[in-house]
Amino acid sequence: MSFPLLTATAALPAIGAIVTAAVPAAQRTVAKWVALFFSLGTLVMAGVVFARFEPGGDRYQLTESRAWIADFGVRYELGVDGIGVALIGLTALLIPFVIAAGWHDADPLETKSSRWRPTQGFFALILMVEAMVVLSFLATDVFLFYILFEAMLIPMYFLIGGFGDRAHTGSDENAAKQRSYAAVKFLLYNLAGGLIMLAAVIGLYVVAGTFSLSEIVEARANGTLEMATSTERWLFLGFFFAFAIKAPLWPLHTWLPNAMGEATAPVAVLITAIVDKVGTFAMLRFCLGLFPEASKWATPVVIVLALVSIVYGALLAVGQRDIKRLIAYASISHFGFIILGIFAMTSQGQSGATLYMVNHGISTAALLLVAGFLITRRGSRLIADYGGVQKVAPVLAGTFLIGGLATLSLPGLAPFVSEFLVLVGTFSAYPVAGIIATSGIVLAAIYVLVLYQRTMTGPVNEAVRTMPDLKARELVVAVPLIALLLFLGVFPKPLTEVVNPAVEHTMSDVQKKDPQPEVEAAK
């Protein structure tokens, strides 16, 4: 029996969560190092998966299959494709930075509370989320994926509600209410989507007789499984609704600004750079793979919703006064680009969407974590409370600027490549949609540059005059992320080589080919 590499990769952070939670209450520093050790171990395991993955090989590789709930046809089935391996790499890469950035975020404010283990719980929950997200990118059994899709809500609920941002402008009581509201809203929205998805999962089993993704896709391809048009469309809507909430797509997005605003900066990165990617990933793997005809039927409406997300999110970002909520609305706009690329049904669009998931994760992590360092120093999330930071903390201002420029997809930085591919792929199939989507680029330049101008330039605000620059631990967080943005901005080949073959499989599922350009014959 071969070594279960995929299971080991997902199990390592889960084991780390248990070990971290078991560290004695007084040993907070030990708990942090334990969590960091297991996150780095997971990164090594993800690197092994990436190294063993063969881009030109089978669609799903390193597969594992075991009987689980045999009476209901549920199996423990794992497999990784090019899209999954890229997102596993993203997840494993970002978690050590999340842990390092949040090194002091869960330290108790009063040393008298020695009975409680807020620090241990904080880092254990982060590792548990990592385990569930990695496993969700590997699951090729629909029911197994559903369990993970819902289970990851529990640790996220406690991370948002129990470990909120300490830089709150109101009283402690009001801050607690806001955290509770954000956590409950996050949970209710996602649970509602999950319940509808559960009905669709059951309906799929009734129709197909199995939960195995590969078996269903193969049966649909060779004609041995046929779904009535209405049945396929209803099942598609059940899956898509849940994924659109997780993504999030307008108008199901309203939980995200609350959750990101009230969470600590590292947890906000966990939400938008990692957990939300499960929604867009699932659109590619499950919506297009299981329901190709329904996906094409829904494409016009989804494209309109994606365009609304792009423009609406960017417009609201322009008008924000809160730094973290501005980044949250910017992420809604970026997720609109990702979903637009997926449903453009072109190879450039879907390759760009997958790269966008990875690059958005890195750029948002860079910007949001540096913003978190800034907010921790000043104790406020309000843009108006800053000014002239670049004169007193130039390194902090410089890293913040590069993260912002990556967010607006400046050429030479990683997000530019993915955004360009999405726009090219969209324009070749839907020219009007491509033109409208470009407005998001202009608006991104406005909200990023205005944010930088108001916080970093101009006269020095008295409250930031003594602000220290980035320290060694913070530089260890910021510098590698910026270096990666630069590297992938000029050399995206390591990602495109693994992503493109997987996109070809997805395009084959929906039986779509890239539009051919019309060339007038020479007279």
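Leu368 has its side chain within reach of Lys324: a pair of non-hydrogen atoms, C-beta onward, lies under 4.5 Å apart. Within the 4.5 Å cutoff, no side-chain heavy atoms of Ile196 are placed close to those of Leu237. Here the side chains of Leu374 and Ile323 are in contact, with some heavy-atom distance below 4.5 Å. For the pair Ile88/Val133, no side-chain contact is recorded, criterion being any heavy-atom separation below 4.5 Å from C-beta on. Side-chain contact check for Asn190 versus Met156: every heavy-atom pair is 4.5 Å or farther apart. With a 4.5 Å cut-off on side-chain heavy atoms, Thr140 and Arg75 do not count as touching. Side-chain contact between Leu485 and Pro415 is present, with heavy atoms from C-beta onward closer than 4.5 Å. The side-chain heavy atoms of Leu249 and Phe335, taken from C-beta on, include no pair separated by under 4.5 Å.
Separating the CG atom in Leu213 from the CZ atom in Phe143 is a distance of 15.5 Å, to the nearest 0.5 Å. Rounding to the nearest 0.5 Å places CE of Met197 at 6.5 Å from CZ of Phe286. Atom CG of Leu451 sits about 7.0 Å away from atom CG of Leu367, to the nearest 0.5 Å. To the nearest 0.5 Å, the span separating NE2 on His334 from CD on Glu419 amounts to 6.5 Å. In this structure, CG on Leu43 lies 11.0 Å from OG1 on Thr91, to the nearest 0.5 angstrom. The line from CD1 of Ile362 to CG of Leu94 is 6.5 Å long, rounded to the nearest 0.5 Å.
When atom types are taken as modelled, the side chain of Arg179 and the backbone of Ala259 share no donor-acceptor pair closer than 3.5 angstrom. Remark: side-chain polar atoms of Glu474 are not paired, donor with acceptor, to backbone N or O of Phe373 under 3.5 angstrom. In this structure, the side chain of Thr407 engages the main chain of Gly403 through a donor-acceptor pair within 3.5 Å. Between the side chain of Ser333 and the main chain of Gly313, no donor-acceptor pair closer than 3.5 Å is present. Under the 3.5 Å distance criterion, the side-chain polar atoms of Ser180 are left unmatched by any main-chain donor or acceptor of Lys177. In terms of modelled atom types and a separation under 3.5 Å, the side chain of Gln61 and the main chain of Asp58 share a donor-acceptor contact. Using modelled atom types, one side-chain atom of Thr399 and one backbone atom of Leu396 make a donor-acceptor pair closer than 3.5 Å. Distance alone, capped at 3.5 Å, is enough to place a donor-acceptor pair between the Ser309 side chain and the Trp250 backbone.
Under the ring pair (Phe, Tyr, Trp, His ring centres under 6.0 Å) criterion, Phe491 pairs with Phe487, not counting sequence neighbours.
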Before you tell me yes or no, could you show the steps for Gln350 and Thr506 under side chain to side chain donor-acceptor pair (under 3.5 Å), namely the whole-Å CA-CA distance, both residues' side-chain angles and the distance that decides it to 0.1 Å?
CA-CA 9 Å; Gln350 292 188 355; Thr506 304; 4.5 Å; no
Test side-chain contact (heavy atoms from CB on, under 4.5 Å) applied to Met357 and Leu87, step by step
CA-CA 8 Å; Met357 292 185 224; Leu87 293 175; 3.8 Å; yes
Take Leu408 and Leu405 through the side-chain contact (heavy atoms from CB on, under 4.5 Å) test and state the conclusion after the steps.
CA-CA 5 Å; Leu408 63 81; Leu405 293 177; 4.0 Å; yes
Stepwise, does the side-chain contact (heavy atoms from CB on, under 4.5 Å) test hold for Ser380 with Ile375?
CA-CA 6 Å; Ser380 173; Ile375 292 168; over 6 Å; no
For Tyr189 and Thr254, run side chain to side chain donor-acceptor pair (under 3.5 Å): C-alpha distance rounded to whole Å, both residues' side-chain angles, the deciding distance at 0.1 Å, then the answer.
CA-CA 9 Å; Tyr189 266 67; Thr254 59; 2.7 Å; yes
Working for side-chain contact (heavy atoms from CB on, under 4.5 Å), residues Arg325 and Asn258:
CA-CA 8 Å; Arg325 288 179 71 90; Asn258 296 103; 3.9 Å; yes
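Salt-bridge annotation for Arg381 and Asp322: present, with a side-chain N of the basic residue lying under 4.0 Å from a carboxylate O of the acidic one.
For the residue pair Tyr356/Thr280, the side-chain donor-acceptor check at 3.5 Å is not satisfied. Between Thr210 and Glu215, the side chains place a donor N or O and an acceptor N or O closer than 3.5 Å (distance only, hydrogens not considered). Residues Thr7 and Glu64 have side chains that bring a donor and an acceptor to within less than 3.5 angstrom of each other. If you check the side chains of Glu504 and Ser347, you find no donor sitting under 3.5 Å from an acceptor.
Here the shortest heavy-atom pairing between Ser136 and Leu148 reads N-CD1, 3.7 Å. Heavy-atom minimum distance, Leu413 versus Ala406: CD1-N, 3.5 Å. In this structure, Ala263 and Ala268 approach most closely via the heavy-atom pair CB-N, 4.1 Å. Between Leu235 and Ala200, the closest heavy-atom pair is CD2-O, 3.4 Å. Here the closest non-hydrogen pair linking Ala273 and Leu90 is O-CD2, 3.6 Å. The minimum heavy-atom distance linking Pro248 with Leu256 is given by the pair CG-CD2, 3.7 Å.
Checked against the 6.0 Å centroid threshold, Phe337 and His360 do not count as a close aromatic pair. Close placement of the Phe343 and Phe240 rings is indicated, their centers lying within 6.0 Å of each other. Phe186 and Trp255 have their aromatic ring centers within a separation under 6.0 angstrom.
Counted within 6.0 Å of CZ on Arg52, heavy atoms from surrounding residues, nucleotides or ligands total 12 or fewer; the atom is thus considered open. The neighbour count for Tyr76 OH, taken as heavy atoms of other residues, nucleotides or ligands under 6.0 Å away, is above 12. Sparse packing is recorded around CZ of Phe37, with 12 or fewer heavy atoms of other residues, nucleotides or ligands lying under 6.0 Å away.
Between Phe211 and Tyr205, the ring planes are parallel. Angles under 30° get that label, and only those over 60° would be called perpendicular.
Annotation: cation-pi pair Lys246/Phe149 present, NZ/CZ under 6.0 Å from the ring centroid and within 45° of its normal.
The side chain to side chain contact (heavy atoms under 4.5 Å, CB included) test with Tyr60 singles out one residue from Val80, Leu78, Asp81, Leu138, and that residue is Asp81. The only option from Leu305, Ile332, Leu340, Ile339 that meets the side chain to side chain contact (heavy atoms under 4.5 Å, CB included) definition with Ile310 turns out to be Leu340.
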